[in-house]
Every structure is written in C-alpha cells, then in structure tokens.
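Report on the following structure.
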Amino acid sequence: MEEQEILNMLTLTKMSHFNLVEMLQLYRAAGSATTIIENRKDIKSIIPECSQKVSDSLQDIDEIRKLAENELEFAIRNDINILPIDTQYYPHRLEQCEDAPLVLFFKGNAELNRNRVINIVGTRHCTSYGQDMVKEFVECLSKLCPEVLIVSGIAYGIDICAHRAALENGLDTVAVLAHGLDYLYPTMHKATADRMLTQGGLLTEFFTNTNADKLNFLRRNRIVAGISDATILVESAAHGGGLVTARISQSYNRDVFAFPGNVHARYSEGCNNLIRDNRAGLICNADDFVNAMGWQDDVKLNKARKKGIERMLFPELTDEEKIIVDALLQTDNQHINNLSTQTEMPMGRLTASLFSLEMKGVVRVLAGGVYHLIVQQ
C-alpha cells in the first residue's frame, strides 16, 4: 500500500475519535482513505450516507494531518509495522468485525493470521489456582497444537501468566496494548515484553502519547477478542475485564470457554456464572479445549511429524501430490495461491492434484480456498 494512503488512513483514524463503525463504513463505501480525503470538501456528493458530523469534521484536518505524519515518522524510526485494514498482514479475523480499526501498529515477528489463535484472559488478582491452570493448560496445548498463537493484554494476573507460559513452552505470544508503542504499562512487565518481540509481539490501535486510560482497556478488549478463534477465561470475579472480553467474543460469534472454580471463591464467580448460564463451555484442561474446537487433526499432524513418518502416511501418491503434501506438512492450512508459489506448480496442475488429494481423503478444503492436511490414524 502506498505511503500516502497509509497517511490518509492514519488521519481518518485520528479524526474519528474512535467512532469506528461509521468510519469503517465510510472507508469501505469510498474504497480508499485517499478518496475520502481528496473529496472531503464535498464528501456527501460521492457518499450521500455520510453523517453531517463526519462531514463537518473532514473540513479542517490540518492539525490532525500533522499528528498522522508524526505517527508515521515514529513508526518508521522505531521499526513499527503499520497494518492497514484489507491488507495481507492485518488480522483477517478482526477484519470481519464491524468496529475493526482502520490501522493497527505492530512490533514483533508473529504471524497474526496463524491458523490457530486463542486469547487467555482473567482477573488481575489471580490466585495460585489460576496460575497453575494457565501453566498446565499452555504446557499441554503446546504439545497438542504447537503452532497456536497465544494472545492476552500483558496486564497483571492471568494476562502476564499466559504470556510467560507461552514463552516458556516455545509458543508465540502477542500482547494487545491499551496505549501506543512509545511506552509500556505496566512497566514492570517490560522484560517479558522485550522477549515477546522475538517470540510474538506487541499490537495496538492507539497512537503514541495515548494514556492507558480505563476506557482504552475496554477498547483493547475487543481487539483481543477479534483476532482470536476463542476466548479462555481462567479466573474472574462477578465483574471484570475478562468477562467483557468474553461478552465481545460472543458478539463476534467466537467460542468462549471457562475454567470452573470453587463456588465460594470470589475469583471463580465470573467463570462459574458464565458456565451456569451457558455462555461459556466448561473446560478442565487443554484436551477438553482441543476436542471442543475440533482441532484433533492438529494433534494427529504433530504426532506424525514427531515420528518422522510423513511419507509413509500417504504411500499411494503421485510425485506432484507428494510435493503438495510436503508443503502442507511444513505449513498446514495454506491458500491455493500460496501453495502455487511454494510448489512452483502451475495453477491448472495444482488444482487437479488438489482435487485428487481431496478425493483420496488427504486434504480438505476450508473457507476461502485454504487447504488443510488430514492425517489418518
């Protein structure tokens, strides 16, 4: 994407004051941020449904433009990736949400569109029970689904336990921040955040010089929910940020799970209530979670890789089919365009071979032209 379009997206983001739904609708109606900026003096002539409030705010953007330029310069100087919506590296799960931000800021090396992404959230006042649940869950999950990405908010309690457990077990982990990338809150988690830059990363929608205000934490929670396949609530009182994330996840039609706790324990009340009201699935370990999500094929594939019997699993394949299987063994769930590039196979031959593999029960087609490798018992 051209730098000018990114600058215009930053400008629209800053002037929207987080009226995200309307701004995203305007952006998609116009087709680009540049179209909006270039026609801002008479925006209703090309987008009649644009509200008067937004139209008025577009008339004078000089000061906001300077802030956007400063933000772009800061990102370039500090090796921060600006991720515009509708581009390859923007989280595709979040892109489906009606209040998705136009741009995100990311520093790190994680693939945000990993095939499996979950978030682990809960109270900042976690008990030893909650800490143990997080450690046991992540350790077991790393063996069952070693390519899963763990997301949380790097806050005290369950959040930081989740990040540290992921790092200790070799999983990438991403923290979604309630402020810009010019500092870290809480500061005492900086050492963990620094490790995450090479085994995950830090993600935010907020510009620099943004305070970690209470409202920003609530906004942050929708990003945590939106980029994930599922939310896992470990410990929560009757009210709390983890419950907000769970509620948002449900509104996005994502799965929600909770660990049960002692009925007399304050920080199990929120989890128990969700389970009681059928707003979260009850899990006691990673096996429960994997089975509930239908991720058993990940487990089979991981076992096959460890045993080193990949080719023995599929003995009756053509040479081209074996090339495709090898590519999916290296990185499962690939789009057909990526497979064409990786295998260096013309699209016509690739399509024919994929169809043959599907008929043999070796691959399955997922939504959007993505191919998944099925590992037989």
Side-chain angles (χ1 to χ4, degrees), residues 93 108-112 114-176 189 191-203 221 224-225 227-236 241-242 245-246 249 254-261 267-268 270-271 274 280-303 305-306:
R93 295 168 178 85
N109 64 354
E111 168 55 63
L112 299 177
R114 190 77 58 83
N115 185 51
R116 309 299 191 200
V117 183
I118 67 168
N119 69 74
I120 301 174
V121 295
T123 179
R124 301 184 183 200
H125 307 284
C126 65
T127 67
S128 58
Y129 166 76
Q131 294 175 30
D132 290 344
M133 286 297 97
V134 171
K135 291 176 183 177
E136 291 173 13
F137 177 82
V138 173
E139 181 181 3
C140 184
L141 188 65
S142 70
K143 296 180 175 68
L144 299 173
C145 301
E147 296 179 3
V148 68
L149 174 66
I150 305 291
V151 176
S152 199
I154 210 166
Y156 295 107
I158 294 298
D159 284 20
I160 194 64
C161 286
H163 292 306
R164 288 171 177 165
L167 292 170
E168 290 166 6
N169 288 280
L171 297 177
D172 283 357
T173 180
V174 167
V176 183
H189 293 165
T192 301
D194 288 344
R195 283 186 64 191
M196 291 167 65
L197 294 178
T198 57
Q199 194 179 323
L202 306 176
L203 180 71
N221 290 347
V224 173
I227 66 176
S228 308
D229 296 305
T231 289
I232 298 172
L233 187 65
V234 179
E235 278 191 310
S236 174
T245 305
S249 295
R254 310 296 163 81
D255 291 289
V256 177
F257 299 91
F259 280 89
Y267 292 110
S268 290
C271 293
L274 281 184
L282 187 156
I283 57 171
C284 297
N285 49 50
D287 288 289
D288 290 347
F289 172 73
V290 168
N291 290 333
M293 292 296 292
W295 291 357
Q296 294 89 338
D297 282 343
D298 292 40
V299 180
K300 297 175 186 176
L301 183 59
N302 186 41
K303 287 180 180 178
R305 285 171 172 161
K306 286 183 177 180

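The chain is numbered in sequence order, starting from 1.
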Below 4.5 Å, heavy atoms only, C-beta onward: do [X] and [Y] meet side chain to side chain?
{"X": "I150", "Y": "L141", "value": "yes"}
{"X": "I158", "Y": "S152", "value": "no"}
{"X": "F289", "Y": "L144", "value": "no"}
{"X": "V176", "Y": "I227", "value": "yes"}

Scan the side chains in residues 191-202 for donor-acceptor partners under 3.5 Å anywhere in the protein, sequence neighbours excluded, and list what turns up.
residue, atom, partner, partner atom, Å
T192, OG1, R164, NE, 3.1
D194, OD1, K190, NZ, 3.3
D194, OD2, K190, NZ, 3.0
T198, OG1, R195, O, 3.1
Q199, NE2, L167, O, 3.3
Q199, NE2, L171, O, 2.9

List the residues meeting salt bridge (charged side-chain N to carboxylate O under 4.0 Å, His left out) with [X], not counting sequence neighbours, and say none if there are none.
{"X": "D229", "result": "R93"}
{"X": "D159", "result": "none"}
{"X": "R124", "result": "none"}

For R116, side-chain contact (heavy atoms from CB on, under 4.5 Å) partners two or more places apart: V148, W295, D298
What one should report as the nearest heavy-atom pair of S268 and G261 is OG-CA, 3.3 Å
Identify the two heavy atoms, one from L233 and one from G122, that lie closest to each other, and give their separation to 0.1 Å. CD1-CA, 3.9 Å
Side-chain donor-acceptor distances from residues 128-139 under 3.5 Å, at least two apart:
residue, atom, partner, partner atom, Å
Y129, OH, P260, O, 2.4

